[in-house]
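Before any comments, here is the structure.
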Amino acid sequence: MAVSDRPSVRVRIAPSPTGFAHLGTASSALYNLIFARAHDGAFVLRVDDTDVERNRPEYEQVIYEGLHWLGLDWDEGPDKGGPTAPYRQSERLDIYKEHAARLIAEGKAYRCYCTAEELDAERKQAQAEKRPYKYSRRCLLNPPEGRSEFTVRFKVPGGDVKFTDMIRGEMSFDSALIGDFIIVKSDTYPTYNYASPVDDATMNITHVIRGEEHLSNTPYQLMVIDALGYARPQAYAHMPLILANDGSKMSKRKHPELNLLLYREQGYLPEALINYLVLLGWNPGTSQEIFSFDELVKIFSFDRVQHGGARFDWDKLNWINGEYIRALGDDDLARRLRPFLPQLDEATIERAAPALKTRISKLSDAVGLLDYLWTDPLPPALDADAAGRVRDALAALRDAEWEPAAIHEALMRVVEKSGLGPNKTFMPIRQALTGKKISPPIDYTLALLPKDVALSRLARVAGVSD
RNA sequence: GGCCCCGUCGUCUAGUGGCCUAGGACGCAGCCCUCUCAAGGCUGAGAUCGCGGGUUCGAAUCCCGCCGGGGCUACCA
């Protein structure tokens, strides 16, 4: 077969701009991008903005921002155009209308004049009689007269709907259990299960990779594609859901971890988040856990994707993020730290970076370690002996060159003189400088502070005037 | 309720009939290193493989039932 006979791979994500950039969108984008790159295909970003009530244009920008931050960039989308433009569903209304008209003309769909109240009554009655609800088809069989507001319903043809899921294999659904569903709302906008397959078909999407919550939607969408006479995507893949800590579904209210941009704010590295996300639902079958994106493109496969949902675990994310931070060059770390330390100049951040590297699991942790550089700590109460050692240190430090090695040397002379362990001298100094019992090594802790500031903090607790 | 998906250490998972006295990672505990904290190294605790029946010489792995969790069942996507 000639190369041109084989349709090149086209995948897509279809986020809805109804709130903050969603973690699930990132996860979905990741798998789609990996698949696209592995097959030299195109990655399409389509905006599913057919919910007039909840949709806000500014949220679209937030989605772009989140995806760009992660480096999950798309080849075609509303902002870049492409061969199957437009990529915003609100700009494709004519396409949905044409297709709906065709379905109605061919008897594959029909207008429904039922009111919300009537539908609700149907549903309640079914529930009371303990039988599964399916639309009664009243408007197909015996439509009410004299009404003008209508929706369009798809006439479910019946029979089994079969398709291939790249993760679960052959799937089969009995469409006799599915009622005629609405494809065009009374506000003339299409519903998700109608617009999505029309777009997938007209955008020549070859593989649909999305969250497991869409598995049961697939037969609906396939019936639409079939009725329209379009070729179906070659295959689907439904990725396991990301669950909350307690195994429940995440909700925007209770689970801030759904907000993609939160990870940037807290100082997670985009590469690390991606690495964590891919491990939440897939594993390589080896003990390797840290992967670059290019490695993922080479080794990822759907047959090793998990079938069940996975719980989100901050501890593991923090560990992975720490691994990435430790692997960073000092310059790189310093550069990434900058937005988190606006109080410090670049030179100070660069000097702090090496000592910070093994002590933070996310960039924002640096703040707690360095805030003594811009805030004056509460002086500790020291006993006479400790104050004496600080006094000795003060004297030794006065003439020392202000860099870690020289400071260390000067301090060790004080330690030797004291005849005690180093901590007996270092801890009071540490507390005088930072107000805390924890800090990077004492020589670094001192060197990061301007010499005069450091000495005056020591003098203050040593009971001598500086 | 109906349909669908899933069920191995606390969590993410390896495992596709004998190599499993169930392996790894995170987390946790201890030790080493060490000026504190980390990082790093070593050691350890932690899973009767959801439960009950089968099939088989042999089952985490195959079959059935049950229970549990999740998804869909909207003029949300």
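By convention in this document, chain letters (A, B, ...) are assigned in the order of the sequence lines, proteins followed by strands, and residues within each chain are numbered from 1. The structure presented is a predicted model; accordingly, all values stated were derived computationally and were not measured.
- Between the CG atom in Asp365(A) and the CG atom in Leu356(A) there is a gap of 9.0 Å [rounded to 0.5 Å].
- Nucleic acid contact for Asp443(A): base, since at least one base atom lies under 4.0 Å from a heavy atom of the residue.
- Neither OP1 nor OP2 of C72(B) sits under 4.0 Å from any side-chain N or O of Asn217(A).
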message: How would you summarise protein contacts on nucleotides 22-33 of chain B per nucleotide, using B for base, S for sugar-phosphate only and - for none, with heavy-atom distances below 4.0 Å?
response: ---BSS------
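- If you take CG on Asn32(A) and OG on Ser27(A), they are separated by 9.5 Å, rounding to the nearest 0.5 Å.
- Only the P atoms considered, G24(B) is 23 Å distant from C31(B), to the nearest whole Å.
- Backbone-only engagement by Ser16(A) is indicated by non-hydrogen atom pairs under 4.0 Å involving sugar-phosphate atoms exclusively.
- Between Lys134(A) and G2(B), a side-chain N or O to OP1/OP2 separation shorter than 4.0 Å is absent.
- Across the protein-nucleic acid pair, Gln125(A) atom CD and G2(B) atom C1' stand 17 Å apart, rounded to whole Å.
- Within 4.0 Å (heavy atoms only), Gly211(A) reaches no atom of the nucleic acid at all.
- Between C5(B), G2(B), U13(B), one nucleotide has an atom nearer to the side chain of Leu177(A) than all others, and that is G2(B).
- Put simply, the residue from Glu76(A), Arg12(A), Arg92(A), Arg46(A) that forms a side chain to side chain donor-acceptor pair (under 3.5 Å) with Tyr87(A) is Glu76(A).
- Neither side chain, Asp51(A) nor Tyr189(A), offers a donor N or O lying under 3.5 Å from an acceptor on the other.
- Following rounding to the nearest Å, Asp174(A) (CG) and U73(B) (P) show an atom-to-atom distance of 17 Å.
- Taking the six-membered ring wherever Trp is involved, the centroid distance between the rings of Tyr192(A) and His214(A) falls below 6.0 Å.
- Nearest to the side-chain atoms of Pro441(A) among the listed nucleotides C35(B), U73(B), A77(B) stands C35(B).
- Residues Tyr276(A) and Trp314(A) form no side-chain contact, since every pair of their non-hydrogen atoms from C-beta on lies 4.5 Å or further apart.
- Side-chain atoms of Glu323(A) lie closest to G40(B) of the nucleotides A77(B), C72(B), G40(B).
- Taking every side-chain heavy atom of His214(A) into account, A77(B) is the closest of A77(B), C72(B), C5(B).
- Atom CZ of residue Phe300(A) and atom CG of residue Asn283(A) lie 10.5 Å apart, to the nearest 0.5 angstrom.
- Look at CG on Leu243(A): it is 13 Å from P on G69(B), rounded to the nearest Å.
- Proximity of His307(A) to the phosphate of C5(B): no side-chain N or O atom is located under 4.0 Å from OP1 or OP2.
- Here the nucleotide nearest the side chain of Arg168(A), chosen from A77(B), C5(B), C35(B), is C5(B).
- At a threshold of 4.0 angstrom between heavy atoms, the contacts of Gln89(A) with the nucleic acid are absent.
- Separating the C1' atom of C49(B) from that of A14(B) is a span of 12 Å, rounded to the nearest Å.
- Rounding to whole angstrom units, CE of residue Met171(A) and C1' of C72(B) are separated by 12 Å.
- The separation between Asn423(A) atom CG and A38(B) atom P is 14 Å, rounded to whole Å.
- When each of C5(B), U36(B), A39(B) is scored by its nearest atom to the side-chain atoms of Thr358(A), the top-ranked nucleotide is A39(B).
- Taking atom P on both U61(B) and G52(B), the two are 13 Å apart, rounded to the nearest angstrom.
- Neither OP1 nor OP2 of C37(B) sits under 4.0 Å from any side-chain N or O of Lys357(A).
- Using N1 to N3 plus N6-O4 or O6-N4 for Watson-Crick, or N1-O2 and O6-N3 for G-U wobble, each under 3.5 Å, U61(B) pairs with nothing.
- Heavy atoms of Ser439(A) sit under 4.0 angstrom from at least one base atom.
- Between Met412(A) atom CE and C35(B) atom P the separation is 7 Å, expressed in whole Å.
- Within the 4.0 angstrom heavy-atom criterion, only backbone atoms of the sugar-phosphate kind lie near Asp48(A); the bases stay farther away.
- Using a 3.5 Å distance cut-off with no hydrogens or angles, the side chains of Thr202(A) and His99(A) do not pair a donor with an acceptor.
- Under 4.0 angstrom from either OP1 or OP2 of G1(B) there lies no side-chain N or O belonging to Arg123(A).
- Between C20(B) and G54(B), the two C1' atoms lie 23 Å apart (nearest whole Å).
- Look at OH on Tyr194(A): it is 19 Å from C1' on A74(B), rounded to the nearest Å.
- Between C72(B), U11(B), C75(B), one nucleotide has an atom nearer to the side chain of Glu213(A) than all others, and that is C72(B).
- As the counterpart of A22(B), no nucleotide is assigned, since no Watson-Crick or G-U wobble pattern has both distances under 3.5 Å.
- Spacing of P atoms, A22(B) relative to U48(B), comes out at 11 Å, to the nearest Å.
- Base pairing analysis places G1(B) opposite U73(B); the two distances defining the Watson-Crick or G-U wobble pair are each below 3.5 Å.
- Within the structure, every side-chain polar atom (N or O) of Thr50(A) is placed at least 4.0 Å from both OP1 and OP2 of C76(B).
- Distance His238(A) NE2 to G70(B) C1': 15 Å, rounded to the nearest Å.
- Among the atoms of the strands shown, only primed sugar atoms or phosphate atoms (P, OP1, OP2) are found under 4.0 Å from some heavy atom of Leu241(A).
- When distances are taken from the side chain of Arg326(A) to each of C76(B), G70(B), A39(B), the shortest belongs to A39(B).
- Atom CG of Leu103(A) and atom CD1 of Ile183(A) lie 5.0 Å apart (nearest 0.5 Å).
- No option in Lys155(A), Arg153(A), Arg137(A), Lys134(A) other than Arg137(A) meets the salt bridge (charged side-chain N to carboxylate O under 4.0 Å, His left out) test with Asp180(A).
- Remark: Gln306(A) is not in phosphate contact with C5(B), judged by side-chain N or O atoms under 4.0 Å from OP1 or OP2.
- Of the listed nucleotides (A74(B), C35(B), C75(B)), C75(B) has the atom at the smallest distance from the side chain of Lys185(A).
- In this structure, the nucleotide among C5(B), C3(B), U36(B) sitting nearest to the side chain of Phe173(A) is C3(B).
- In this structure, Lys316(A) pairs ionically with Glu289(A), as a charged nitrogen and a carboxylate oxygen lie closer than 4.0 Å.
- Remark: C66(B) base-pairs with G50(B); criterion is Watson-Crick or G-U wobble with both hydrogen-bond distances under 3.5 Å.
- Side-chain atoms of Ser186(A) and base atoms of C75(B) include a donor and an acceptor less than 3.5 Å apart.
- The line from CD1 of Ile34(A) to CZ of Phe293(A) is 5.0 Å long, rounded to the nearest 0.5 Å.
- A donor N or O paired with an acceptor N or O is found under 3.5 Å between the base of C35(B) and the side-chain atoms of Arg430(A).
- Pro15(A) comes within 4.0 angstrom of nothing in the nucleic acid, heavy atoms only.
- In this structure, Arg304(A) reaches the sugar-phosphate backbone alone: every heavy-atom distance under 4.0 Å involves primed, P, OP1 or OP2 atoms, never a base.
- As rounded to the nearest Å, C42(B) and A59(B) have C1' atoms that lie 36 Å from one another.
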